[in-house]
Novice: 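For reference, the structure I am asking about is given below.
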Amino acid sequence: MAGQSRRGSADQLALPLGPEGATGRLPARIEPMRAASLDAPFDDDDYFFEPWWPGARTFAFVEAGRLRLQTEHLGNPLGIFPELAVIATQLQADGVVLDGTLLVLDAEGRPDSDLLRRRLAGAGDVGTGAFVASDLLWVDGAPIADQPFERRRQRLGAVLRDGDLCVASRGLRGEGITLASAVASMGIDAVSARCLDGRWRAGDAGDDWLRLPVNETPAAETRPLLVLLQRLPLDN
C-alpha cells in the first residue's frame with residue numbers, strides 16, 4: 001500500500017442526510033465513515049497523518065449557537081458532558097458538523113479510556129470531557145463532504161478556534177513513519193491516514209481513510225497530550 005492509493009468512484013461520494021424529520025438545516029444523525037486497516041505506517045505525500053486518539057467516535061452539531069453530540073450507540077451525550085457546550089463558542093460559523101473523537105482526560109490531562117467508559121455509563125463527573133475535531137462535514141448549513149479532505153481540513157482550521165477542551169487535530173503531510181514514532185512515545189497505538197483528495201462518505205472508506213498500528217512505548221508522565229497535540233504542526 002505504501003506509496004500507492006486507490007480513489008473512490010464518483011457514485012460513492014455521498015453524505016447521508018440522516019432520517020427524515022431532522023430539524024433545521026442539519027441532519028438528525030449521520031452514519032459514520034469507517035477506516036480500513038493496514039499492517040504498518042508508511043510515507044506518502046498524498047496522505048495526511050494524525051494520531052488515532054483513544055476515545056469514542058463522535059459528531060458535534062452546532063446550529064443556532066447550540067451544540068448536540070452524536071456518539072455511536074448513544075443518544076445525545078451532552079447531558080453527561082456539559083463542559084463541552086463550550087465547543088459552540090469556538091466556531092466562526094453556524095450550521096456546522098464536526099467529525100472527531102470524544103475523550104475523557106485524567107488529572108494530568110491524558111485521555112483515559114476507563115474514565116471515558118465510566119462517564120458514558122453515567123458514573124458521574126469523573127475526569128474532564130474533551131473533543132478533538134478531525135474533519136468538517138457541514139458549514140453554514142450546507143454539506144461539504146464532496147470536497148477533497150485537504151480542502152475540508154483547511155476550512156476546519158478557519159472555522160474552529162482551539163480551546164482548552166476542543167482542538168483541531170494536528171499531524172504531518174506525507175510522513176506517516178515519523179508521526180508513528182512520535183505518537184508511540186505518547187502511548188498512542190495507531191495513526192490515522194487520510195487521502196488528501198479523498199471525499200467523505202458513509203460506510204467503508206477504502207483507501208481514503210486508513211488506520212495504521214504503531215509499536216507502542218510507555219507514555220511519558222509529564223505534559224498533557226492535548227498540549228503535545230497543539231505543538232504538532234497544523235499541516236494541510
Side-chain angles (χ1 to χ4, degrees), residues 8 13-16 25-27 30-35 45-53 55-71 84-103 111 129-176 179 183 191-202 205 208-211 225-236:
L13 309 182
L15 179 71
R25 297 172 293 173
L26 301 182
I30 292 177
E31 179 186 351
M33 181 168 76
R34 303 191 184 280
D45 286 341
D46 289 337
Y47 281 83
F48 178 79
F49 300 91
E50 59 192 317
W52 191 284
W53 294 97
R57 179 79 176 280
T58 296
F59 296 97
F61 303 75
V62 176
E63 192 164 19
R66 299 180 64 181
L67 172 71
R68 61 184 168 91
L69 301 174
Q70 175 195 322
T71 300
L84 294 185
V86 71
I87 293 173
T89 71
Q90 295 176 218
L91 295 173
Q92 307 301 297
D94 196 53
V96 169
V97 179
L98 304 172
D99 185 357
T101 305
L102 175 66
L103 308 171
F131 184 76
V132 178
S134 298
D135 206 345
L136 178 67
L137 305 185
W138 289 63
V139 65
D140 296 327
I144 61 169
D146 60 347
Q147 296 183 13
F149 174 72
E150 184 170 21
R151 173 60 177 154
R152 300 197 311 272
R153 180 167 177 80
Q154 289 170 346
R155 297 190 70 178
L156 173 64
V159 165
L160 177 64
R161 298 192 316 267
D162 280 351
D164 291 339
L165 301 181
C166 176
V167 297
S169 185
R170 262 67 165 181
L172 297 174
R173 177 173 182 163
E175 299 183 57
L179 185 67
V183 301
V191 163
S192 166
R194 294 181 185 261
C195 181
L196 289 167
D197 69 1
R199 273 63 170 176
W200 196 99
R201 59 186 181 275
D208 283 339
W209 186 25
L210 303 167
R211 186 182 190 276
L225 277 175
L226 287 189
V227 172
L228 285 170
L229 169 67
Q230 289 172 294
R231 292 178 181 272
L232 287 170
L234 189 60
D235 277 0
N236 293 308

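The structure presented is a predicted model; accordingly, all values stated were derived computationally and were not measured. Note that the numbering runs from 1 along the sequence shown for the chain.
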Novice: Would you say that D94 contacts V62 through its side chain, given a criterion of any heavy-atom pair below 4.5 Å between the two side chains?
Specialist: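 Yes, close enough: below the 4.5 Å cut-off.
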Novice: Is there side-chain contact between S192 and W209, with heavy atoms separated by less than 4.5 Å?
Specialist: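 SC-SC contact between S192 and W209 confirmed.
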Novice: Please lay out, stage by stage, how L196 and D46 fare under the test side-chain contact (heavy atoms from CB on, under 4.5 Å).
Specialist: CA-CA 6 Å; L196 289 167; D46 289 337; 5.7 Å; no
Novice: Of R201, R34, R194, R152, which is the lone residue that meets salt bridge (charged side-chain N to carboxylate O under 4.0 Å, His left out) with D208?
Specialist: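 Going through R201, R34, R194, R152 one by one, the salt bridge (charged side-chain N to carboxylate O under 4.0 Å, His left out) with D208 is satisfied by R201 alone.
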Novice: Between W138 and V96, is a side-chain contact (heavy atoms from CB on, under 4.5 Å) present by the stated rule, with each step listed?
Specialist: CA-CA 5 Å; W138 289 63; V96 169; 5.9 Å; no
Novice: How far apart are the closest heavy atoms of A60 and L67, and which atoms are they?
Specialist: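 Nearest heavy atoms, A60 then L67: CB-CD1, 3.9 Å.
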Novice: In the structure I gave you, are the side-chain heavy atoms of P27 and F61 within less than 4.5 Å of one another anywhere?
Specialist: yes
Novice: Heavy-atom distance under 4.5 Å between the side chains of R68 and L26, does that happen here?
Specialist: yes
Novice: Mind checking the CZ-OG1 spacing from F131 to T101? Nearest 0.5 Å is all I need.
Specialist: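 Rounded to the nearest 0.5 Å, the CZ-OG1 separation comes out at 7.0 Å.
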Novice: For residues Q147 and R199, report the shortest heavy-atom separation together with the two atoms involved.
Specialist: O-CG, 4.0 Å
Novice: Are the side chains of L84 and L102 in touch, meaning some heavy atoms are under 4.5 Å apart?
Specialist: yes
Novice: Would you give the length of the straight line joining atom CG of D135 to atom CH2 of W200, rounded to the nearest 0.5 angstrom?
Specialist: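 Rounded to the nearest 0.5 Å, the CG-CH2 separation comes out at 8.5 Å.
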Novice: Answer whether the closest heavy-atom distance between the side chains of L91 and V159 falls below 4.5 Å.
Specialist: yes
Novice: Minimum heavy-atom separation for S169 and V132, please, with both atom names.
Specialist: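 Shortest heavy-atom contact: CB-CG1, 3.6 Å.
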Novice: Take atom CZ in R66; do more than 12 heavy atoms of anything else shown fall under 6.0 Å from it?
Specialist: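 Incorrect, the count does not exceed 12.
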Novice: Looking at every non-hydrogen atom in both residues, tell me the closest pair between L156 and A133 and how far apart they are.
Specialist: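 Closest approach of L156 to A133, heavy atoms only: CD2-O, 3.8 Å.
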Novice: Do NZ/NE/NH1/NH2 and the carboxylate oxygens of D162 and R170 come within less than 4.0 Å?
Specialist: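 A salt bridge links D162 with R170.
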Novice: So, Q90 side chain and R161 main chain: donor-acceptor pair closer than 3.5 Å or not?
Specialist: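 Here the side-chain-to-backbone pair exists.
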Novice: Look up atom CD in E31 and atom CD in Q70, then write down how far apart they are to the nearest 0.5 Å.
Specialist: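 If we round to the nearest 0.5 Å, E31:CD and Q70:CD are 10.0 Å apart.
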Novice: Report yes if some heavy atom in the side chain of L136 is under 4.5 Å from a heavy atom in the side chain of L98; otherwise report no.
Specialist: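 A side-chain contact exists here, since the closest heavy-atom pair is under 4.5 Å.
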Novice: Hey, does L179 have a side-chain heavy atom less than 4.5 Å from the side chain of P51?
Specialist: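 They are in side-chain contact.
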Novice: State, to 0.1 Å, how close A158 and Q92 come at their nearest heavy-atom pair, and which atoms those are.
Specialist: O-CG, 3.6 Å
Novice: Does R211 qualify as a cation-pi partner of W52, given the criterion of NZ or CZ under 6.0 Å from the six-membered ring centre and within 45 degrees of its axis?
Specialist: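 The answer is yes, since R211 meets both limits relative to W52.
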Novice: Looking only at heavy atoms, what is the nearest atom pair of Y47 and C195, with distance?
Specialist: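 That would be CD2-N, 3.4 Å.
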Novice: Nearest 0.5 angstrom please: F59 CZ to L137 CG, how far?
Specialist: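 Between F59 CZ and L137 CG, I get 6.0 Å after rounding to 0.5 Å.
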